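The structure under discussion appears below in the form of structure tokens.
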Amino acid sequence: MAADFNIEMQLKNDLWDFALNFYQQPGIEQSCLELQNEFGLSINRLIFACWGGIQGYVLESITCNEADHWQQEMTHPLRGIRYKVRERKQQGAEYDACYQKLRQAELACEQVELALLYQQGLQAAQMQPSIEIIEENLHSYLKSQKVPIDKDILGALKPLLRAANSYLGTNHKE
């Protein structure tokens, strides 16, 4: 289903709030970075898949052309520059202010990306929130990225599933 991006983008939204909270859960940052560095996955797409399941959204596609373009054209190049400044920072503390500003700019780019994904998520079919939908969303994303679902990837996903399941239990009581 194509998203209607003529609606005004909401930078502050439920997905953004969830992403900020979820990423701070024990083991999530480490797991997300492993999935990004070892399997080439997008942390924002992983979080989007979890959020979707927690909201009951069956996300047939975790990709979004506008968000994908934004990520490739804005977020990734900025991250590359930040990594270069991080290397320089090892040489002297005078690079730290620049590094911190780049981190803030990268976070702002990620917020735009999540806002674009949020718009797409709102158009998905909605069911009763469940861990099964979260798993389905994650598997859909892995397949779209041609990442084989094996014991390594399943092990790396466990912290996300555990945290999402916990989130389901505490935020969606009947």
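The shown structure was predicted, so the numbers you read here are calculated from the model rather than taken from an experiment.
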Pairs of donor and acceptor atoms involving the side chains of residues 28-38, under 3.5 Å and at least two apart or interchain, shall be tabulated with distances.
from: Ser31; atom 1: OG; to: Ala156; atom 2: O; distance (Å): 2.4
from: Asn37; atom 1: ND2; to: Leu33; atom 2: O; distance (Å): 3.2

So [Y] and [X], do their side chains get closer than 4.5 Å, heavy atoms only?
X      : Y      : result
His69  : Glu66  : no
Thr75  : Leu78  : no
Asp152 : Phe39  : yes
Gln104 : Leu107 : no
Cys50  : Ile134 : yes

Note to self: Please verify the inter-ring angle class for Tyr57 with Trp51; under 30° counts as parallel, over 60° as perpendicular, anything in between as tilted.
What the structure shows: tilted
Next item on the list: Check step by step if side-chain contact (heavy atoms from CB on, under 4.5 Å) holds for Trp16 and Leu11.
Entry: CA-CA 8 Å; Trp16 174 249; Leu11 289 177; over 6 Å; no
Margin query: Before you tell me yes or no, could you show the steps for Leu117 and Arg45 under side-chain contact (heavy atoms from CB on, under 4.5 Å), namely the whole-Å CA-CA distance, both residues' side-chain angles and the distance that decides it to 0.1 Å?
Written below: CA-CA 8 Å; Leu117 289 169; Arg45 299 315 185 281; 3.8 Å; yes
Note to self: Glu106: which residues meet the salt bridge (charged side-chain N to carboxylate O under 4.0 Å, His left out) condition with it, sequence neighbours left out?
What the structure shows: Arg79, Arg82
Check: Taking only residues two or more places apart in sequence or in another chain, which ones pass salt bridge (charged side-chain N to carboxylate O under 4.0 Å, His left out) with Asp96?
Finding: Lys89
Check: Once you round to the nearest 0.5 Å, how far does CG of Asp17 lie from CG of Leu114?
Finding: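 Interatomic distance, Asp17 CG to Leu114 CG, rounded to 0.5 Å: 10.5 Å.
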Under 4.5 Å between side-chain heavy atoms, hopping through other hydrophobics if needed: is there a path connecting [X] to [Y]?
X      : Y     : answer
Tyr167 : Phe48 : yes
Met127 : Phe18 : no
Leu161 : Ile62 : yes
Ile54  : Ile43 : yes

Checklist line | Pairing residues for Tyr99 by the ring-ring contact (aromatic ring centres under 6.0 Å, His included) criterion, not counting sequence neighbours | finding: none
Nearest heavy atoms of [X] and [Y], plus distance in Å:
X      : Y      : answer
Leu168 : Pro129 : CD2-CB, 3.7 Å
Ala163 : Phe22  : CB-CE1, 3.6 Å
Ala49  : Leu138 : CB-CD2, 3.7 Å

Margin query: Is it the case that the side chains of Asp68 and Gln72 hold a donor-acceptor pair, with the cut-off being a distance below 3.5 Å and no angle test?
Written below: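 No pair is found: no donor N or O on one side chain lies under 3.5 Å from an acceptor on the other.
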Next item on the list: Kindly write out the residues that satisfy side chain to side chain contact (heavy atoms under 4.5 Å, CB included) with Gln145, not counting sequence neighbours, or none if the list is empty.
Entry: Leu41, Thr63, Tyr141, Val147
Item checked: Axial cation check for Tyr83 ring with Arg86, 6.0 Å and 45° limits -> yes
Note to self: Using the side-chain hydrogen bond (donor to acceptor under 3.5 Å, both in side chains) criterion, which residues pair with Glu136? Sequence neighbours excluded.
What the structure shows: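 Partners of Glu136 by the side-chain hydrogen bond (donor to acceptor under 3.5 Å, both in side chains) criterion come out as none, since no residue qualifies.
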Margin query: Testing Gln71, Glu110, Glu113 one by one against Asn44 for a side chain to side chain donor-acceptor pair (under 3.5 Å), which residue passes?
Written below: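 With Asn44 as partner, side chain to side chain donor-acceptor pair (under 3.5 Å) holds for just one option, Glu113.
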